[in-house]
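There's a structure below that I have some questions on.
Counting starts at 1 for both ligands and their atoms, following the listed order. In this chain, residues are counted from 1 in sequence order.
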Amino acid sequence: MKIRHAKDYADMSRKAANIISAQIILKPCSVLGLATGTTPIGAYEQLIDWYRKDDVDFSEVITYNLDEYRGLSHDDPQSYHYFMREKLFDHVNINMENTHVPDGSNPDADAACAEYDAMVNAAGGIDLQLLGIGNNGHIGFNEPDDAFSKGTHCVDLTESTIKANSRLFDSPDDVPRQAYTMGVQNIMHARSILVIANGEAKAQAVYDMCYGPVTPRVPASILQLHTNCTVIADEAALSLCPRR
Ligand code: PGA
């Protein structure tokens with residue numbers, strides 16, 4: 001695991017966008033695993049800026065998002081489908097047919113999740129997986145548990161995640177209670193992984209991810225076992241970690 005210090009959110013976002021854009025330049029038909037949440041927004045803005053300057057071309061890029069709330073349609077403004085269009089896809093030359101998000105509108109969880117795994121496999125797996133990290137150490141919506149999850153599956157969101165995500169909804173009652181998420185095994189199969197984190201609220205999770213025991217109680221801790229994982233975090237998120 002490589003840990004890279006960023007000065008602040010802007011610096012973290014630019015460094016992350018640099019890695020994503022290098023991936024696309026080196027392999028224009030890259031399969032990217034993408035994340036939602038507030039952490040990646042700055043990196044997406046930077047990529048949009050570089051796209052407008054003709055520095056990065058998304059025309060052949062294929063994307064798979066980590067997760068989606070169960071029960072939300074693609075056009076629901078709270079859905080991750082909508083988020084990705086608003087924050088990235090609508091502003092770059094990506095072919096929308098090459099973008100994928102789990103189908104939260106499919107009430108048949110087993111079918112929706114199996115179909116998603118089959119699509120990721122058919123694409124040849126993920127070249128670069130972008131991840132945020134939850135305050136409780138979750139990745140995707142893989143919450144602390146007794147065992148690491150495998151493929152895409154339906155999860156019950158924890159109270160702490162519902163509370164953390166409620167800032168994006170009118171009230172905590174509006175936050176869906178379930179989501180479809182890629183599993184930890186899906187994430188670990190990515191050929192490279194980029195985790196980004198900022199702010200003091202993430203400091204404990206970042207410490208546990210990088211230095212704690214590898215345990216499903218902190219799903220992100222398994223990333224210590226990945227052979228090509230980079231963490232870019234700002235000073236506040238790294239405040240509990242030893243300085244190198
Ligand atoms: P955030 O979420 O980027 O909104 O902090 C990260 C996560 O929960 O994975």
A student checking ligand 1 against G37 at a 4.0 Å heavy-atom cut-off should list atoms 3 (O), 4 (O)

Strictly by modelled atom types, are R167 and T38 linked by a side-chain donor-acceptor pair under 3.5 Å?
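T38 and R167 do have a side-chain donor-acceptor pair below 3.5 Å.
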
If the cut-off is 4.0 Å to any non-hydrogen atom of G132, which atoms of ligand 1 fall inside it?
9 (O)

Shortest protein heavy-atom distance from atom 9 (O) of ligand 1, along with the residue and atom involved:
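Of every protein heavy atom, H138 NE2, 3.5 Å lies nearest to atom 9 (O) of ligand 1.
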
Flag if over 12 foreign heavy atoms under 6.0 Å of NZ, K27
yes

T152 side, atom OG1; D103 side, atom CG - distance, nearest 0.5 Å
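Reported value, rounded in 0.5 Å steps: 12.5 Å.
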
T36, any N or O under 3.5 Å of ligand 1 N or O:
no

Identify, for atom 5 (O) of ligand 1, the protein heavy atom at the shortest distance, and state residue, atom and that distance.
K202 NZ, 2.6 Å

For ligand 1, which part of I139 has a heavy atom less than 4.0 Å away: the side chain, the backbone, both, or neither?
neither

Ring centers of F141, Y69 separated by less than 6.0 Å
yes

Examine Y51 together with Y44 and report whether their ring centres are nearer than 6.0 Å.
no

Which residue supplies the protein heavy atom nearest to atom 3 (O) of ligand 1, what is that atom called, and how far is it?
T39 OG1, 2.4 Å

Any donor-acceptor pair under 3.5 Å from S160 side chain to N136 backbone
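No; judged by distance alone, with no hydrogens or angles, the pair does not exist.
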
Nearest to atom 6 (C) of ligand 1, what protein heavy atom do you find, and at what distance?
I133 O, 3.6 Å

